[in-house]
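What follows is a single structure, written as structure tokens, with notes after it.
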Amino acid sequence: MNTIGATLLRAGRRFVSSLPALFGVLVFTFLLMRVLPGDPAVFFASGPNAGKEEIEVIRRQLGLDKPLPNQLVIYLADVGRGNLGRSMMTGQAVAKDLRERLPASLELTLTALLIALVSAVPLGVIAALRPGSLVDHGVRLFCSLGVCVPTFVSGLLLIYVFYYLLGFAPDPTGRIDIFTTMPPQRTSFLIIDFLLAGDFEGWSAAARQLMLPAFTMALFVIAPLARITRASMLVSLGSDFVRTARSVGLSWWRIVVTYALRNAILPVITIAGIVFSTMLGANVLVEKVFSWPGVASYALDALLVSDYAPVQGFVLLMATIFVIVNLLVDLLYGIADPRATVA
Amino acid sequence: MSMTTIETSSTLRHTAFVLRGNPVTAIAAGGAVLLALMAILAPWLAPYDPIASDVPAALQPPSAAHWFGTDQLGRDVLSRLVVASRLDLTIAVTAVAVSFAIGSVIGALCGYAGGRLDKAVGRFVDVLMAFPLFVLAMAMVAALGNRVENIVIATAIINLPFYIRFARAEVNIRRNLGWVEAARACGESHVAVVLRFLLPNVLPAMAVQMSLNLGWAILNAAGLSFIGLGVKPPTPEWGIMVAEGARFISTGRWWLVAFPGLALMSAVLCFNLLGDGLRDILDPRMRT
Amino acid sequence: MARDLLLRVHQMSRQVFLVPDFETNEGTGAMSFEMSKRSLFAAAALLAVTLAAPSAHAQSRAETLRYVTGATVNTLDPNIPGSTREAFALSMSSYDRLVSFGRKQLNGKWVFDLDTITGELAESYAVSADGLKITFKLRPDAKFQDGSPVTAEDVKWSLDRCVSAPILGKAQLLTGSLTSPDQFKVIDPLTFEVTLPKPDKLALPNLATVYPIIINSKLAKSHATADDPWALNWTKENAAGSGAYIVETFKPGEQVIAKRNEAWNRGTPDKPAAFKRLIIQSVPEPATRANLVERGDADLVIDLQASDVQSLEGKGKLKVISTPQYNAVTFISMNNTIPPFDNVNVRRAIAYALPYDDMFKAALFGRGAPLYGATWADGKPPSGGYPIPQPIKLDLEKAKSYLKDAGMPDGFSTTFSFNVGQAATAEPMAALVKESLAKIGIKVDIQKLPDAQMSTAINEKKLPFFIEGIVAWLPSTDYFYRNFYTGKQRWNYSSTDNAELEKIAQEARFEADKAKYEAQGKALNAIHFDQMFQIPIWQAAQDAVMQPTVDGYVYQFTRQVDYRNLSRK
């Protein structure tokens with residue numbers, strides 16, 4: 001009980017101490033967007049006859065006619081009220097756009113992470129059991145191969161082979177086949193909503209849609225996960241309790257899985273947390289290639305047309321998720337390993 | 001003098017030992033040397049002028065005259081690929097060198113001095129870390145203009161936090177060790193202690209990170225090229241060649257994406273495996 | 001294998017059940033029919049009968065048009081500043097206007113016809129003898145999508161809005177002398193009158209463009225606020241028109257789904273639109289769009305890369321309709337106020353140093369209409385149209401001599417810019433331009449700018465030398481010259497300031513005599529060629545790639561698809 005209380009207290013303190021970082025992100029993004037040489041008003045006043053007047057109208061709409069410090073103050077006040085501004089590109093409130101698109105990104109990233117973990121942990125364990133062997137090198141080579149292909153190339157190749165040539169995969173146009181009815185929205189995660197609705201064909205349609213992009217992303221993160229699994233397994237296999245377990249004559253399987261792996265999994269979780277938050281922000285290109293309606297591709301489009309509000313909203317969202325994930329990892333760590341609270 | 005010779009030779013012997021037991025690293029090291037050679041000798045190796053167009057000969061599949069085929073403007077893909085190695089390696093090496101140089105010094109000073117400086121830098125690092133990094137790189141290149149220098153700067157900045165944190169942590173552990181205190185007692189200035197005694201000790205561990213980052217920097221540049229923020233035409237660069245080639249996958253002109261893609265892949269692979277191998281060599285704990 | 005098959009049948013039957021979803025307004029009769037169909041298919045699925053299910057699925061699929069695009073619909077009201085071309089296209093189907101353009105055949109392809117204006121919500125219209133009054137008789141049977149009748153009051157409110165609210169329609173209607181609500185008058189519920197200050201041949205065509213949509217004014221007004229008297233915030237996300245398609249799902253950046261408005265009868269033979277359902281889907285990756293249409297998953301796409309179009313055309317499985325965008329022009333433009341481009345001989349030197357044929361082949365894959373390489377028999381423009389092919393071609397000797405005349409025999413250095421969004425064609429062009437200009441001593445530094453930066457730099461007149469394009473909805477010679485060669489405004493890319501040109505263009509605007517207008521056009525074209533303000537290089541083709549079953553495609557002034565034109569054979 002005491003330890004949980006202490007962990008929570010620590011988490012609270014950590015959260016409060018990360019608020020300045022969030023504020024920094026907020027201000028920095030605001031300034032960075034203003035440094036962009038593109039003027040969103042000019043870009044969006046691009047009707048065949050748009051002239052100075054239209055540009056001024058948009059500039060006023062966006063509040064760009066005010067001096068920079070005023071804009072910043074207004075922006076911060078708006079963010080404080082939960083108003084992230086309006087996207088010129090989609091014509092919607094940024095908060096609404098992000099809310100609608102975040103589940104898509106989360107679903108994709110979590111699935112990719114799951115695929116990566118499911119393949120990386122066994123690979124890491126196998127490699128650690130026979131360090132220096134052919135298997136070890138093979139695993140290393142395989143994992144490294146995944147990291148060295150740009151995601152947009154692997155994505156396009158997978159589409160070309162599995163959709164265009166073989167026809168196994170559904171058309172790469174978003175989260176769900178356009179002719180499938182959406183399940184009643186509960187969690188916004190399609191594969192869960194379909195399950196809740198008991199619609200198994202829908203579920204398989206959504207899952208099939210998810211496979212290629214998730215796999216493309218997973219390829220990229222198997223390596224760090226496998227590497228950390230191997231390293232921490234090596235430490236754990238070499239430790240006293242495993243030696244003891246061995247001397248007691250426990251079965252090989254039990255030693256590896258129950259004792260060594262269980263103790264080695266903590267660093268893997270930490271890395272997985274970090275990998276998750278980086279993936280979420282870094283899957284821009286995967287979302288683009290698979291027409292995935294996520295937050296990252298939204299931010300990319302906005303950036304290229306200097307649509308300030310969506311980029312600012314996206315960065316703030318990512319930073320917040322980063323902080324929360326770190327916190328969760330921390331909590332998990334604290335609960336799993338009480339010593340961490342002392343440090 | 002003799003001390004150092006023994007040390008070097010033992011390091012060499014150890015390296016040779018590890019390499020023998022670790023053929024993958026040996027191959028990666030060989031590959032990296034080959035890449036460097038290719039970059040240095042590029043102008044003499046390339047059979048054609050990499051930017052001279054020949055539109056009537058555009059989009060030809062690989063042949064005896066053009067081993068890797070020709071691109072949309074009839075330029076020789078092989079020549080472009082070879083010459084591109086220069087720019088790609090330059091981008092990667094410079095970006096990593098810059099973030100290492102700045103990051104490690106700042107990190108080491110923070111770790112050594114602690115206090116207000118440490119806190120301030122720590123906050124800055126927190127801010128950077130919380131950014132979605134690729135989007136940050138994109139925004140910086142978009143803001144500064146897509147020139148090679150700016151791609152390098154953006155890549156360097158998004159790598160910076162790792163070096164600062166790493167150097168800070170490593171120095172922090174060591175700053176109160178006996179030999180550091182001894183150096184201080186001998187009248188060495190604080191800056192000298194950090195730069196001459198502490199940093200060199202951190203170097204090996206950072207080399208691993210640097211090698212991994214080299215590959216990552218190349219991928220980063222490729223990603224920027226894909227969304228149109230890469231180096232400007234007609235400069236040959238792998239990322240931009242791959243990005244342009246990817247447009248032709250659907251029409252079956254595979255050579256435009258395959259060869260530059262393979263070059264890019266093998267470079268990244270070399271650096272990654274090398275980084276892995278370096279870790280084995282330098283970190284005895286992993287050497288089981 | 002068997003399980004796989006069963007699964008497929010399941011999916012197909014489930015897709016069939018979707019049908020009533022977009023036919024809900026057909027009443028309960030369809031419902032019971034649907035139920036029996038459902039049980040039938042459930043049984044079929046269980047038996048794994050493969051024949052019945054696909055054909056029923058195919059039927060519902062056949063009645064749906066799936067259109068994929070790299071762009072996105074961002075508003076349901078095309079008047080909102082920032083509206084995309086896809087938003088324009090959708091508005092053509094979700095709203096009606098008073099009148100619309102006819103179509104004509106040009107080189108065997110259907111294109112919009114500026115000279116035929118037919119009624120849309122207007123049953124008929126009459127122009128007074130002095131050309132100052134246009135009277136519209138509204139269709140008595142026209143209804144908004146909520147069932148209320150379309151009245152002259154609605155028309156008045158909509159057009160008042162178009163010229164008063166801070167929206168895109170304002171600047172457009174100005175080009176047709178439509179500027180004030182005073183010009184719009186309700187005569188009776190079905191008669192509406194427009195008054196003009198002087199006869200303007202563009203007044204009527206302007207009412208057929210994208211912006212002057214006729215809105216259900218009662219509905220819109222109920223969503224107006226004090227800050228927003230024209231209900232712009234509401235129309236942005238809600239369509240309140242009488243058009244052929246009713247928007248069901250609007251997800252900006254992803255997709256729009258619309259169902260057919262069964263009551264709409266403004267199509268050619270007084271029928272509703274042919275497709276029951278319309279899916280407009282954003283697919284950013286061009287190669288993926290090509291795959292989708294090739295595999296039959298998409299019905300129509302118009303923004304493929306030239307290389308993909310070429311290869312799809314070669315395979316011969318799909319219908320490819322290529323129309324030069326004859327109301328659009330691509331330029332290599334020079335800012336005539338930035339040295340050395342203020343020197344006419346420098347501009348001429350550039351014009352003769354561009355590798356036209358190589359650019360046309362490498363960047364466009366030869367898909368379009370060149371605007372270079374003409375021969376003008378007596379050195380004079382053969383036509384008063386705009387744009388016309390000019391007698392320029394790659395001639396480095398001539399270019400060098402012009403450079404010498406300009407006092408720069410050794411050339412100079414400059415930047416050459418294009419925007420990232422156009423990279424697929426502009427990048428190869430830029431590389432070729434750089435290479436060719438180097439041969440006459442001009443050193444070019446290529447700048448690739450994100451789209452917003454490019455438009456900003458052009459607006460601020462900061463770029464000396466760049467690739468840009470223009471488009472005119474109402475392409476007439478004077479319109480082009482007035483809008484793209486005069487004034488200190490963004491669309492005057494070359495910053496041309498030529499008194500003679502301006503004078504002739506203004507006169508031509510209200511010239512009623514066809515022969516005189518043609519002479520004025522020729523004079524303008526002669527000035528353009530002599531001064532070489534900028535270099536028109538081509539009209540790129542609009543390549544519409546579609547399933548062979550899709551019929552009725554017309555190249556429209558919006559450079560988008562008018563979904564109402566299409567049907568399935």
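Lettering of chains follows the sequences in order, A, B, ..., and the numbering in each one begins at 1.
- With respect to chain A, the highest number of heavy-atom pairs below 4.5 Å among C:Pro450, C:Ser282, C:Pro284 belongs to C:Pro284.
- Interatomic distance, C:Thr84 OG1 to A:Met88 CE, rounded to the nearest 0.5 Å: 11.5 Å.
- Looking at heavy atoms from C-beta onward, A:Phe43 lies out of side-chain contact with C:Thr456 at the 4.5 angstrom threshold.
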Subject >> Step-by-step side chain to side chain contact (heavy atoms under 4.5 Å, CB included) determination, C:Arg295 to A:Tyr163 >> reply: CA-CA 9 Å; C:Arg295 287 190 53 90; A:Tyr163 169 66; 3.5 Å; yes

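- Using a 4.5 Å heavy-atom cutoff, the side chains of C:Lys236 and A:Gln92 are not in contact.
- For the options A:Val305, A:Ile159, A:Thr173, heavy-atom pairs under 4.5 Å to chain C are most numerous at A:Thr173.
- With a 4.5 angstrom heavy-atom cutoff, A:Met89 touches chain C only via backbone atoms.
- For a residue to count as touching a neighbouring chain, one of its non-hydrogen atoms must lie under 4.5 Å from one of that chain's; by this rule A:Leu303 does not touch chain C.
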**OP:** Give the C-alpha distance, both sets of side-chain angles, the deciding distance and a yes or no for side chain to side chain contact (heavy atoms under 4.5 Å, CB included) between C:Asn459 and A:Ile55.
**Re:** CA-CA 10 Å; C:Asn459 190 47; A:Ile55 296 174; 3.6 Å; yes

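- In this structure the side chain of C:Ile279 reaches within 4.5 angstrom of the side chain of A:Phe179, judged on heavy atoms.
- Between A:Asp171 and C:Arg66 there is a salt bridge, since a side-chain N of the basic residue sits under 4.0 Å from a carboxylate O of the acidic one.
- When heavy atoms are compared at a cutoff of 4.5 Å, A:Phe152 does not approach chain C at all.
- For A:Pro40, no part lies under 4.5 angstrom from a heavy atom of chain C.
- Interface remark: A:Arg86 contributes side-chain atoms only to the contact with chain C (heavy atom separation under 4.5 Å).
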